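In what follows, a single structure is set out as structure tokens and then discussed.
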Amino acid sequence: MSRIAYLQEKKMSEIRLRFPPSPTGYLHIGGARTAIYNWLFAKKHNATLILRIEDTDIERSTKDSIEGIIDGLNWLGITWDEGPYYQSDHISEHVESAHKLVETGHAYKCFCTKEDLDAKRQAAVSAKITYQYDRTCLNLSAEEISSKEEQKIPYTIRFKVPGGEGSLVFEDKVYGRIERTYRDIEDFVILRSNGTPLYLLSNVVDDIRDRISHIIRGQDGLGNTPRQILIYEALGAPVPVFAHMSLTLDPKKAKISKRSHGEVVTVQFYKENGFLPWALINFLVLLGWSPANDQEIFTKEELIQAFSLEGMNKANSIFNYQKDHPKFFTDPKALSINGHYLQTMPVEELAFLVKDFLQKAELWDDAYVNDKKEWFLSTIDLIRSRFHVLTDFAGPGRAYFSDDYEMDPKPVKKNLTKHEKIGEWLGMLADRYESLPEFNKEDAERVTRELADELDIKPGILINGTRTVVTGQAAGAGLFDVLMAIGRERVIARLEKFSREGLS
RNA sequence: GUCCCCAUCGUCUAGCCAGGUCCAGGACACCGGCCUUUCACGCCGGCGACACGAGUUCAAAUCUCGUUGGGGACGCCA
């Protein structure tokens with residue numbers, strides 16, 4: 001094989017994918033999922049992933065969105081090999097292709113006005129007849145065309161769909177064989193009367209130029225595919241492999257969008273609410289894909305290894321979040337997966353992430369990386385077992401880092417208000433802690449139980465009361481571990497303050 | 001209205017292509033028990049689904065057809 005032939009073959013067999021967001025809003029989880037699948041496929045096959053910003057909708061595209069999307073991708077750790085390219089840089093190519101298609105007889109100029117077309121469509125709709133462009137302009141004679149051109153009548157360019165009984169068939173990697181009769185495809189517009197190209201065309205022309213070999217996209221693109229394949233063929237370009245993925249719906253089975261669902265569906269939201277990027281990826285990848293076994297938690301390497309289009313589910317999946325749910329601010333499974341990573345990752349790594357959230361809450365102390373590093377690490381390690389998101393460290397975990405923390409009303413009622421003399425008892429407990437020669441777990445527990453015994457009450461009353469006063473929370477790690485983490489002085493101060501002032 | 005796609009526990013799903021090993025497995029959620037000092041920790045257990053109807057077959061979650069339900073596409077949006 002000659003070197004050139006070899007290179008050509010290599011070029012042809014090269015696997016290239018793209019993620020083509022349109023910058024009309026921040027990256028949302030549906031878009032992220034698409035990016036993730038493309039990225040995993042690329043990584044698995046040692047392929048090239050391209051980021052292409054499809055910014056030709058000038059009305060809705062914004063610079064903020066572009067930054068937001070890139071930020072989101074970066075945060076998730078999704079990397080690309082080429083780009084970002086911008087679709088708007090290639091508009092002249094798209095226009096050229098449209099004219100080329102006219103020259104080669106695959107498309108034609110259509111002088112019908114928008115008003116005429118709208119009227120025809122309206123009529124069809126009210127008569128309950130299927131509307132399709134009636135090909136008025138396909139049958140124009142050469143004279144009629146040049147006459148209209150001379151009169152400067154604006155025209156669009158429509159793709160000429162093959163006539164007859166035939167149909168277009170392609171093999172989707174996920175959905176299998178898809179067939180669509182030519183008759184069901186109307187002659188679609190590829191160039192507007194103002195001379196600008198439409199998405200269907202631009203997208204194909206860009207994919208041809210970028211030598212995209214595999215297109216992994218949402219199932220909503222399935223309807224476009226036959227028309228796009230027609231364009232590939234008319235342009236004489238090789239048709240890429242298509243793999244359409246199921247969509248992510250809300251609990252009411254509506255497509256998710258930022259407009260109707262708000263922040264919960266944006267990647268940014270998860271970043272701000274204490275998710276670990278990998279946990280989000282892990283959750284998202286499971287929405288519509290599964291390995292051949294029961295594995296649900298993956299390292300990056302494992303996921304890349306396990307990923308395959310075969311595991312894609314054809315049915316749409318539901319992103320199960322309930323608005324205003326008292327307990328779950330997003331899909332419970334997402335929270336559970338995040339909790340898993342948060343609870344099992346190396347503490348040093350976690351501490352680094354927690355720092356950010358403590359800083360935002362103004363709870364950070366530089367000593368946590370110096371003198372108090374050991375304390376900080378062991379405290380994080382102690383309290384993380386109940387936490388699911390990083391923001392928990394500054395929320396329910398606030399009492400470990402500040403004297404100014406909220407009291408959860410539920411345990412207050414259950415553990416404090418219920419017992420008339422609790423203030424007095426906890427004051428006595430503070431004295432016992434005070435007089436301990438050394439404040440350690442064993443002795444603290446011993447004197448607590450002794451006091452309960454003397455007062456003839458259950459130790460649980462003292463223990464729960466103390467937890468509530470000292471942490472403001474109903475739940476936590478073993479109390480005596482908690483006391484050690486908070487430290488004698490603070491424990492005593494908090495107990496005494498409560499004993500003196502009650503709940504202020 | 002036309003076309004395309006889909007259909008297993010509340011949710012994510014395994015099993016379906018190559019029918020029996022499935023009175024359907026796992027995870028999350030929920031409920032109960034244990035442990036315990038509490039808990040959103042841990043452990044153990046429970047609840048809970050093949051949309052419906054025909055057909056093929058000795059045998060169907062798995063194959064076929066129909067019904068119903070859901071989703072998507074039908075723009076001079078991307």
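Just so it is clear, the values below take in all heavy atoms, side chains as well, and ignore hydrogens, waters and symmetry mates. What you see is a predicted model; the values in this text were computed from it and never measured.
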Seminar exercise, completed: B/S/- along nucleotides 26-40 of chain B (protein heavy atoms under 4.0 Å) is BBSSS------BBB-

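Taking every heavy atom of residues 159-174 of chain A and every atom of RNA chain B, no pair lies under 4.0 Å.
For the OP1/OP2 pair of B:A78 and a distance below 4.0 Å, the side-chain nitrogens and oxygens of A:R192 include at least one atom meeting the criterion.
Look at the P atom in both B:C9 and B:A49: the space between them is 9 Å, to the nearest Å.
For A:D187 and B:C74, the CG to C1' distance is 14 Å, given to the nearest whole Å. At whole-Å resolution of the value, NZ in A:K255 and P in B:G70 are 18 Å apart. Regarding A:D481, its CG atom lies at a distance of 15 Å from the C1' atom of B:G42, rounded to whole Å. Here B:C12 presents its P atom at 13 Å from CD1 of A:I337, a figure rounded to the nearest Å.
Between the side chains of A:H244 and A:D172, at least one donor N or O sits under 3.5 Å from an acceptor N or O. Neither side chain, A:Q87 nor A:S202, offers a donor N or O lying under 3.5 Å from an acceptor on the other. With no hydrogens or angles considered, a side-chain donor-acceptor pair links A:N282 and A:Y341 at under 3.5 Å.
The residues A:R446 and A:E442 are annotated as not salt-bridged, no charged nitrogen and carboxylate oxygen being separated by less than 4.0 angstrom.
Under the Watson-Crick or G-U wobble criterion, with both distances below 3.5 Å, B:A73 is paired with B:U2. Checking B:G10 for Watson-Crick or G-U wobble geometry (two distances, each under 3.5 Å) identifies B:C28 as its partner. Shown here, B:C41 forms no base pair; nothing in the strands shown gives a Watson-Crick or G-U wobble contact with both key distances under 3.5 Å. With a cut-off of 3.5 Å on both pairing distances, B:A49 has no Watson-Crick or G-U wobble partner at all. Of the nucleotides present, B:C63 is the one that pairs with B:G55 by Watson-Crick or G-U wobble criteria, both distances under 3.5 Å. With a 3.5 Å ceiling on both atom-pair distances, B:A18 lacks any Watson-Crick or G-U wobble partner.
Across all their heavy atoms, A:A35 and A:L73 have their closest contact at CB-CD1, 4.1 Å.
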